[in-house]
2 protein chains.
Amino acid sequence: MYKKCTLLVMAYTKKIDHQELVACACKLVEQEGVEALSMRRLAQILDVQASSLYNHFADKSALLAEVAERGLYRLAEKLEHASALARPNPRHQIEAMGLTYREWALQHSHIYTLLFMGAPPLEGDAPPSAAATFAPMLAATAQLVGEDQAEAATQAVWAFIHGFVTLELTGHMQRCLPAEGFTLGLTCLVQGLGR
Amino acid sequence: MYKKCTLLVMAYTKKIDHQELVACACKLVEQEGVEALSMRRLAQILDVQASSLYNHFADKSALLAEVAERGLYRLAEKLEHASALARPNPRHQIEAMGLTYREWALQHSHIYTLLFMGAPPLEGDAPPSAAATFAPMLAATAQLVGEDQAEAATQAVWAFIHGFVTLELTGHMQRCLPAEGFTLGLTCLVQGLGR
DNA sequence: GTCTATACCTTGATAGAC
DNA sequence: GTCTATCAAGGTATAGAC
């Protein structure tokens with residue numbers, strides 16, 4: 001009797017923790033990609049009805065934004081760490097960040113795709129955690145080419161790394177061992193920038 | 001009477017020309033992107049029922065492959081032309097191809113997205129028109145760094161250009177004038193490769 | 001070769017009971 | 001906060017009449 005009563009009282013009470021929800025969404029995206037993340041699928045994993053999810057965020061895009069931000073912070077941490085290890089030589093820092101960036105992107109391909117291969121960033125023009133991601137690269141390039149050209153140099157280095165990674169991820173660069181072109185290009189680019 | 005008879009005879013006869021169909025699909029993708037290309041939409045534009053389209057290709061992916069191949073040939077033509085104009089200096093050729101590539105990609109953003117930002121190429125590992133696209137770049141890099149490193153150098157240059165273009169197309173590089181970082185990076189990369 | 005009609009799937013999101 | 005039930009779209013593809 002008491003048990004039954006307890007169960008009835010327990011019905012329709014909190015089952016979802018927000019952090020757990022986002023973590024689950026991250027995991028799903030990381031393993032199967034953005035297109036695998038549907039309300040129904042996510043609800044099924046959390047053992048909940050799809051409509052219940054809407055009590056925890058406005059719509060799907062809000063959830064995806066949280067997933068993306070989490071990923072971006074992870075990447076930023078890695079880059080900062082790599083840069084710190086290679087200090088104080090800016091060339092070494094840039095090359096180290098490049099290798100780290102590529103490694104992370106290949107290991108978290110679906111998250112990376114969500115971050116940089118999809119639609120433009122949701123917010124106006126200044127993502128919240130984006131600044132932290134590029135800060136170490138900006139610092140290193142500033143040391144290498146001066147403050148004036150730091151932004152352009154960062155763009156160039158980022159473009160190269162991002163381009164290489166995305167070509168690998170989309171399967172457009174399977175011939176020959178890709179790492180060769182990567183290190184060659186990164187070295188040459190840094191060399192060219194540094195004079 | 002005769003008129004009516006003629007109309008009846010004309011009914012259920014050929015309305016779709018294959019070339020026209022592909023051209024229409026190209027136009028639609030070029031203007032509104034791949035996701036805008038649905039069987040219903042395409043049929044509506046051609047003033048035909050959606051099911052009729054299946055008499056002209058097996059499925060949607062076959063149609064998309066035709067659209068992509070057409071675009072790739074267009075790009076290949078542009079690159080070949082740009083390279084020819086800048087001969088015989090390989091550095092000038094590479095830089096010219098880079099500028100042309102970027103220009104074409106930005107002008108045909110949706111086609112470019114279809115070509116290089118989506119799933120891996122459909123065929124096993126050797127696209128038909130891909131070779132033609134990269135031939136001039138391979139020739140120029142071979143002249144610059146030798147046959148041995150030509151492939152790696154081509155990968156590096158391609159990665160840079162592709163990366164820059166895709167970051168522009170996805171809106172991840174709107175701050176500051178992007179062309180600055182592009183020419184800077186391309187010049188430095190070519191410079192670094194050529195010694 | 002085109003037509004009508006439809007089967008069958010997916011998705012995001014909402015209303016109202018509890 | 002969760003539930004059931006449902007809406008409103010959208011997609012690819014097929015069967016069979018003409």
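Every chain is numbered from 1, with letters handed out A, B, ... down the list of sequences. Keep in mind that this is a model prediction, so the values were computed, not measured.
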So if I take every side-chain heavy atom of Ser51(B) and compare against dT2(C), dC3(D), dC3(C), which nucleotide ends up nearest? dC3(C)
In whole angstrom, give the distance that lies between atom CE of Met39(B) and atom C1' of dG11(D). 10 Å
Distance check needed: dT12(D) P versus His56(B) NE2, whole Å only. 17 Å
Applying a 4.0 Å non-hydrogen cut-off, can you work out what Ser38(B) is touching in the nucleic acid: base, sugar-phosphate, or nothing? sugar-phosphate
Does dT2(C) have its OP1 or OP2 closer than 4.0 Å to a side-chain nitrogen or oxygen of Lys15(B)? no
Looking at dT2(C), dT14(C), dT12(D), which one has an atom nearest to any side-chain atom of Asn55(B)? dT2(C)
Residue-phosphate contact under 4.0 Å: Gln49(B) side-chain N/O, dC3(C) OP1/OP2: no
Take atom CZ in Arg74(A); do more than 12 heavy atoms of anything else shown fall under 6.0 Å from it? no
Phosphate-side-chain proximity, Tyr12(A) and dC18(C), N/O vs OP1/OP2 below 4.0 Å: no
Mind calculating the distance between CG (Leu53(B)) and P (dG1(C)) to the nearest angstrom? 13 Å
Length of the line joining Asp59(B):CG and dG11(D):P, which is rounded to integer Å: 16 Å
Establish whether the base of dT2(C) is bridged to the side chain of Thr13(B) by a donor-acceptor pair shorter than 3.5 Å. no
From dT12(D), dG1(C), dA13(C), pick the nucleotide closest to the side chain of Lys14(B)? dG1(C)
Integer-rounded Å distance: dC9(C) P and Arg41(A) CZ: 17 Å
Atom-to-atom span, NZ of Lys60(A) to P of dG10(D) - whole angstrom: 17 Å
For atom NZ of Lys60(A), is the number of surrounding heavy atoms from other residues, nucleotides or ligands below 6.0 Å larger than 12? yes
Within 6.0 angstrom of His81(A) NE2, more than 12 heavy atoms from elsewhere: no
So, does Ser52(B) get its side chain near the phosphate of dC3(C), meaning an N or O under 4.0 Å from OP1 or OP2? yes
Is the side chain of Arg91(B) donor-acceptor paired with the backbone N or O of Gly194(B) at a distance under 3.5 Å, no angle test? yes
Among Phe182(A), Phe134(A), Tyr101(A), Tyr112(A), which residue satisfies the ring-ring contact (aromatic ring centres under 6.0 Å, His included) criterion with His162(A)? Tyr112(A)
Can a donor-acceptor pair under 3.5 Å be found between the side-chain atoms of Arg40(A) and the base atoms of dT10(C)? no
With a non-hydrogen cut-off below 4.0 angstrom, is Leu37(A) in contact with a base, only sugar-phosphate, or nothing? sugar-phosphate
Return the value, rounded to whole Å, for the distance between atom CG of Leu63(A) and atom C1' of dT11(C). 15 Å
How many whole angstroms separate atom CG of Leu64(A) from atom C1' of dG12(C)? 12 Å
